[in-house]
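These notes concern the structure reproduced below.
We name chains A, B, ... by the order of the sequence lines, and we start the count at 1 in each one.
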There are 2 protein chains.
Amino acid sequence: MAKAKFTTSQDAITAILNESIPLFAKNGFSGVSIRHVSKAVGISIATLYHHFPDKKTLYLKSIERAFSDKAEGLTDVNNTPGTKEERLKLFILRFTELMSGDPNFRLLLQRELLDADNSRLQLLAEQVFKEQFQNVLNLAKEISPKCDPHLMAISIVGLILFHLETTPIRMYLPEGREEHNQPEVIAHHVYVLLTEGLLKNGGLKCSD
Amino acid sequence: MAKAKFTTSQDAITAILNESIPLFAKNGFSGVSIRHVSKAVGISIATLYHHFPDKKTLYLKSIERAFSDKAEGLTDVNNTPGTKEERLKLFILRFTELMSGDPNFRLLLQRELLDADNSRLQLLAEQVFKEQFQNVLNLAKEISPKCDPHLMAISIVGLILFHLETTPIRMYLPEGREEHNQPEVIAHHVYVLLTEGLLKNGGLKCSD
DNA sequence: GTCTATATACCGATAGAC
DNA sequence: GTCTATCGGTATATAGAC
């Protein structure tokens, strides 16, 4: 008889998700097989199917687990003291550090934007991102009341995410340097760009 | 004997790539099988293998074909007449329209950023994007000489690409509207954001 | 809770005829 | 240039013992 590797079903499920999350983040849904996951955990395929009914459910539970952890990572920055500029700066820094600190979350998000159907996108938007996006929306309204808040909120998070997204190809592009990948450098660049624009005073003072 | 569907090998290759490009864009490398592609083209698997040695080569040739078409789409906007603001505006509009006009190119690019190894990213950077990126770099240097040009160039294209990337989830996020997906709306928003920043005159004049 | 063994389908790739 | 037929491997998923 095979000895029990995990005492409770929850332990086994957690161990499986701990392996499946990075695998799905790196290789996508169809790039990961049940065999890969079960081998990474150190259990048989049948054992994995004992805990998850099918591959799709395993994927969705992986997404769920990976995303639920992050929902609390960004507390409401609108409730912190300070001017609107300070709160914007704080949000950008926190969001950049959060996203660069956990690559799995960002990679899974990007893959979902590519692969998910409308029902799953709706689920993500309404049950995962809604609250956090609303915070950015409020910040955008306060800082730039005349502009479309939705477009502005997308731009704020998009600037940060795209810099992280292009990290692997940067060093091969002209004038790309290693330091461009540091969260603090990205956050500072995004903050200055957003607050001052390109043309003010003949160009940004990125050395500030 | 089976009748010849294509007279020349080039015709067959073009027909195959015409089907494989959108399939790879939508489903990724491991989400597409040789069977899918051959069925979509209307030929047998063996015929496909007569034109391409293996699946990986088919994928790389698909990328190559899809990307080569776009290299000329963006002519050097720095050589057009007008002020730097006008040239920035022109670049943003052209780039936005180019990217929203051919979803396959953008989707393949995003998938490559997720899936490609370093050698393929280097190939993409140096043989596909180098020249165009250099143009954006020059524009960034001229417009914002005090700021890091690399970071600024990434920000300019990133703003546009992220708005397109999030198109499918927008309508499910707070205050998302259908018109936010129009290329002209995105381009105008990006231009105003870049040139004026968030805080100037108490907020952007997005209605201009 | 975990296993071995197996069912069934699909995968990438090839052989050889026409 | 295209096909049918097929190989060996792997995919997801299940049955049933312990």
Side-chain angles (χ1 to χ4, degrees), chain A residues 1-65 111 115-117 120, chain B residues 1-65 111 115-117 120:
Chain A
M1 171 189 167
K3 71 175 179 185
K5 189 164 180 167
F6 307 104
T7 47
T8 69
S9 186
Q10 273 307 316
D11 285 349
I13 287 174
T14 297
I16 292 167
L17 292 177
N18 281 344
E19 298 296 333
S20 67
I21 287 172
L23 280 174
F24 281 130
K26 183 165 180 16
N27 306 109
F29 177 80
S30 49
V32 175
S33 70
I34 294 290
R35 277 178 152 75
H36 291 149
V37 178
S38 58
K39 194 172 182 179
V41 181
I43 58 176
S44 72
I45 294 173
T47 301
L48 200 156
Y49 274 102
H50 177 75
H51 296 289
F52 296 91
D54 51 37
K55 185 186 173 184
K56 189 170 179 180
T57 303
L58 172 62
Y59 177 73
L60 291 175
K61 291 293 180 185
S62 302
I63 297 277
E64 202 176 287
R65 174 69 61 96
R111 293 202 178 274
D115 298 334
D117 58 19
R120 214 156 74 202
Chain B
M1 171 187 168
K3 72 175 178 185
K5 188 164 182 170
F6 306 105
T7 48
T8 69
S9 186
Q10 273 307 317
D11 286 349
I13 287 174
T14 297
I16 291 167
L17 291 178
N18 281 344
E19 297 296 334
S20 66
I21 286 173
L23 280 173
F24 281 130
K26 183 166 178 15
N27 305 110
F29 177 80
S30 50
V32 176
S33 70
I34 294 290
R35 283 177 157 76
H36 291 150
V37 178
S38 59
K39 193 172 183 179
V41 182
I43 58 177
S44 72
I45 293 173
T47 301
L48 200 155
Y49 273 103
H50 177 75
H51 297 288
F52 296 91
D54 51 36
K55 186 187 174 183
K56 189 170 180 178
T57 303
L58 172 63
Y59 177 73
L60 292 175
K61 292 292 180 186
S62 302
I63 297 276
E64 204 175 286
R65 175 70 59 97
R111 292 202 178 275
D115 297 335
D117 57 19
R120 215 156 75 203

Answer with base, sugar-phosphate or nothing: what part of the nucleic acid does [X] contact at a heavy-atom distance below 4.0 Å?
X     : result
A/V41 : nothing
B/S33 : sugar-phosphate
A/V37 : nothing

Proximity to the side chain of [X] - top-ranked nucleotide from [options]:
X     : options               : value
B/A12 : D/dT2, D/dT4, D/dT12  : D/dT2
A/K5  : C/dT2, D/dG1, D/dA11  : C/dT2
B/H36 : D/dC3, C/dC11, C/dG12 : C/dC11
A/S9  : C/dG1, D/dT4, D/dT2   : C/dG1
B/Y49 : C/dT2, D/dG1, C/dT14  : C/dT14

Worksheet item: OP1, OP2 of D/dT2 versus side-chain N and O of B/H50: anything below 4.0 Å?
Response: no
Item to complete: Output yes when at least one side-chain N/O atom of B/T47 is less than 4.0 Å from OP1 or OP2 of D/dC3, else no.
Response: yes
Expressed in angstrom and rounded to an integer, what is the separation of [X] atom [atom1] from [N] atom [atom2]?
X     : N      : atom1 : atom2 : result
B/H51 : C/dT14 : NE2   : C1'   : 16 Å
A/F52 : D/dA13 : CZ    : P     : 13 Å
B/I13 : D/dT2  : CD1   : C1'   : 14 Å
B/K55 : C/dT14 : NZ    : C1'   : 17 Å
B/I34 : D/dC7  : CD1   : P     : 21 Å
B/R35 : D/dT6  : CZ    : C1'   : 11 Å
B/Q10 : D/dG1  : CD    : C1'   : 14 Å
B/L48 : C/dC11 : CG    : C1'   : 14 Å

Fill in: Earlier contact from the 5' end, DNA chain D, for B/I45 and B/T7
B/T7
Worksheet item: Is the shortest heavy-atom distance from the side chain of A/R120 to the side chain of A/L60 under 4.5 Å?
Response: yes
Worksheet item: Stepwise, does the side chain to side chain contact (heavy atoms under 4.5 Å, CB included) test hold for A/V32 with A/Y59?
Response: CA-CA 10 Å; A/V32 175; A/Y59 177 73; over 6 Å; no
Worksheet entry | Nearest heavy-atom neighbours spanning B/L58 and B/L17 | CD1-CD2, 4.1 Å
Worksheet entry | Pairwise 5' ranking along DNA chain C for B/K56 and A/S44, keeping only the more 5' one | A/S44
Discussion item. Using a 3.5 Å distance criterion without hydrogens, assess whether the side chain of B/R111 forms a donor-acceptor pair with backbone atoms of B/K26.
Written reply: yes
Worksheet item: Just by distance, do the side chain of A/K61 and the backbone of A/I13 share a donor-acceptor pair under 3.5 Å?
Response: no
